[in-house]
Amino acid sequence: MSSIRFFTNAEVAAVLDYAGLIDALRSGLAHPGTAPNRQAYALPEGQASLLNMPVWQKGQGIGVKLVTVFPENSQRDLPSVAAVFALFDDVTGQPLALMEASELTARRTACTSALAADYLARRDALSLTIVGTGTLAAHMVRAHTAVRDYSRIEIWGRDYSKAKALAERLQGEGYPVSASDNLAQSVGHADVVTCVTTSREPLVLGEWLNPGCHLDLVGAFLPSMRETDSAAVARARIVVDTREGALEEAGDLLFALGDGVIQESDLNTELRHVLQGDGVRSDDQEITLFKSVGYAVEDLLAAQYVLHNM
């Protein structure tokens, strides 16, 4: 039996570079994998959740990720998401690695969104708006700038002081970032809008979206959560990470379905189809929407990337 390697979040972060991971996802997500719908359990602590995400893909291995989501951790100066990922060989079933997965989760999520934007955002996109100031916000800036050369990036959060502090930190990394205190204005002049919140009420309204905008919805992972109103969803052509997962968990889309502004047939385009050449942006006026609820194959590909590049 081979020895199991353990990777800390710091080791994962050192290896899992954004451009390299985007390329790994570009290749790996174009091929079929098996990722049963994750099991989500409500925990007694506030609005906390426990998630169980199994996955396997031929040649990439078998994995399972265990995740806790504690939205109130922002008040404790702690990340809202904590996770571990176990990787097994898909030929022998032997365990290969166990890694802290907070960095893995954040980076694969941001890189998947950036990958989708590389196909769905306009080639001349210059302005990016990030909605939310949590752990994912900085990763979104770093990942999205790997696929587009943005000249203006704005970050909006309910707490302006947090948005300002995050913007200043990213400025120090060389990104053209500023904090926004007006969400409608920031969305109104953005070419790409990325939402990374745990909101249960609409934040981005459809009437704010300009023609040609790409809307990236990441934060809502339960049917009761949403970051947009139904009007925003109705205006866009929709791409999902997985149709099955979207119909199970994507609150933004489920609310829009319930309101009758879209049909289930509007959710037939998955990211893998786009990577295979179908469903890319049709023209510069089209509003596109990518809804990510989390596809465990992304974790598997990221874990393999760490294992083979350490």
Side-chain angles (χ1 to χ4, degrees), residues 7-30 60 63 65 79-81 83 85 87 97 99-123 125-155 166-177 190-196 214-219 239 241 271-272 274-275 290 292 294-310:
F7 300 93
T8 66
N9 276 320
E11 290 171 326
V12 170
V15 174
L16 211 54
D17 64 289
Y18 299 94
L21 180 54
I22 289 170
D23 285 342
L25 293 169
R26 192 188 309 273
S27 174
L29 291 177
Q60 294 294 339
K65 186 169 73 171
S80 61
V81 177
F85 189 88
L87 178 64
M99 57 190 71
E100 291 183 308
S102 295
E103 279 289 330
L104 182 144
T105 299
R107 289 174 184 244
R108 68 83 158 154
T109 300
C111 288
T112 300
S113 288
L115 175 61
D118 196 23
Y119 291 83
L120 297 172
R122 295 197 323 271
R123 302 309 303 179
L126 295 174
S127 177
L128 171 67
T129 291
I130 308 291
V131 182
T133 58
T135 301
L136 269 176
H139 291 289
M140 285 295 178
V141 170
R142 299 174 188 130
H144 277 265
T145 53
V147 300
R148 290 291 186 278
D149 187 17
Y150 293 104
S151 60
R152 177 171 63 186
I153 302 172
E154 295 186 354
I155 297 176
L166 178 57
E168 290 173 350
R169 176 157 64 90
L170 289 165
Q171 287 170 9
E173 296 180 22
Y175 296 103
V177 183
D191 299 316
V192 176
V193 178
T194 298
C195 297
V196 286
H214 173 59
L215 183 58
D216 178 43
L217 304 180
V218 179
V239 175
D241 49 5
L271 180 57
R272 64 185 175 91
V274 175
L275 297 176
F290 176 62
S292 168
Y295 182 33
V297 173
E298 300 159 11
D299 298 300
L300 188 62
L301 295 168
Q304 284 286 7
Y305 188 91
V306 171
L307 185 64
H308 289 116
N309 287 279
M310 179 59 71

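Numbering starts at 1 and runs along the sequence shown.
Here the closest heavy-atom approach between residue Ser102 and residue Ala83 is recorded as OG-N, 3.5 Å. Across Cys195 and Leu217, no two heavy atoms sit closer than the pair SG-CD2, 3.8 Å. Of all the heavy atoms in Arg108 and Leu25, the pair that sits closest is O-CD1, 4.0 Å. Shown here for Gly132 and Ala137, the closest heavy-atom pair between the two residues is O-CB, 3.4 Å. Summarising the geometry of Phe85 relative to Gly63, their closest heavy-atom pair is CZ-CA, 3.7 Å, with the distance given to 0.1 Å. Residue Ser80 comes nearest to Thr135 through the heavy atom pair N-OG1, 4.4 Å, listed as atom of the first residue, atom of the second, then distance.
Remark: Ala121 engages Ala117, Arg148, Val192, His214 in a side-chain contact (heavy atoms from CB on, under 4.5 Å) (not counting sequence neighbours). Asn309 meets the side-chain hydrogen bond (donor to acceptor under 3.5 Å, both in side chains) test with no other residue; sequence neighbours excluded. With sequence neighbours left out, the side-chain contact (heavy atoms from CB on, under 4.5 Å) criterion links Arg26 to Ile22, Asp23, Leu115, Asp118, Tyr119, Leu275. The salt bridge (Lys or Arg N to Asp or Glu O under 4.0 Å) check on Glu154 picks up nothing, with sequence neighbours excluded. Residues satisfying the side-chain hydrogen bond (donor to acceptor under 3.5 Å, both in side chains) test with Gln60, not counting sequence neighbours, are none. In this structure Glu11 satisfies the salt bridge (Lys or Arg N to Asp or Glu O under 4.0 Å) test with no other residue, sequence neighbours excluded. Checked against side-chain contact (heavy atoms from CB on, under 4.5 Å), Asp191 has the following partners two or more places apart in sequence or in another chain: Arg122, Ala125, Leu126, Ser127. With sequence neighbours excluded, no residue forms a salt bridge (Lys or Arg N to Asp or Glu O under 4.0 Å) with Asp241. Applying the side-chain contact (heavy atoms from CB on, under 4.5 Å) criterion to Ala110, with sequence neighbours excluded, gives His139, Met140, Ala143. Residues passing the side-chain hydrogen bond (donor to acceptor under 3.5 Å, both in side chains) test with Ser113 are Asp216, sequence neighbours excluded. The side-chain hydrogen bond (donor to acceptor under 3.5 Å, both in side chains) check on Tyr295 picks up nothing, with sequence neighbours excluded.
Interatomic distance, Arg142 CZ to Asp17 CG, rounded to the nearest 0.5 Å: 13.0 Å. Distance check, rounded to the nearest 0.5 Å: CG of Leu87 to CZ of Phe7 gives 9.0 Å. With rounding to the nearest 0.5 angstrom, the CD1 atom of Ile153 is 7.0 Å from the CD1 atom of Ile130. Distance check: His144 NE2 to Leu128 CG gives 6.5 Å after rounding to the nearest 0.5 Å.
Side-chain contact between Leu170 and Glu173 is present, with heavy atoms from C-beta onward closer than 4.5 Å. With a 4.5 Å cut-off on side-chain heavy atoms, Leu104 and Met99 count as touching. Side-chain contact check for Thr145 versus Tyr18: every heavy-atom pair is 4.5 Å or farther apart. A heavy-atom distance below 4.5 Å is found between the side chains of Thr8 and Glu100. Here the side chains of Val177 and Tyr150 are not in contact, with every heavy-atom distance at 4.5 Å or above.
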- Task: Test side-chain contact (heavy atoms from CB on, under 4.5 Å) on Arg107 and Leu21 and set out the steps.
- Result: CA-CA 8 Å; Arg107 289 174 184 244; Leu21 180 54; 4.3 Å; yes
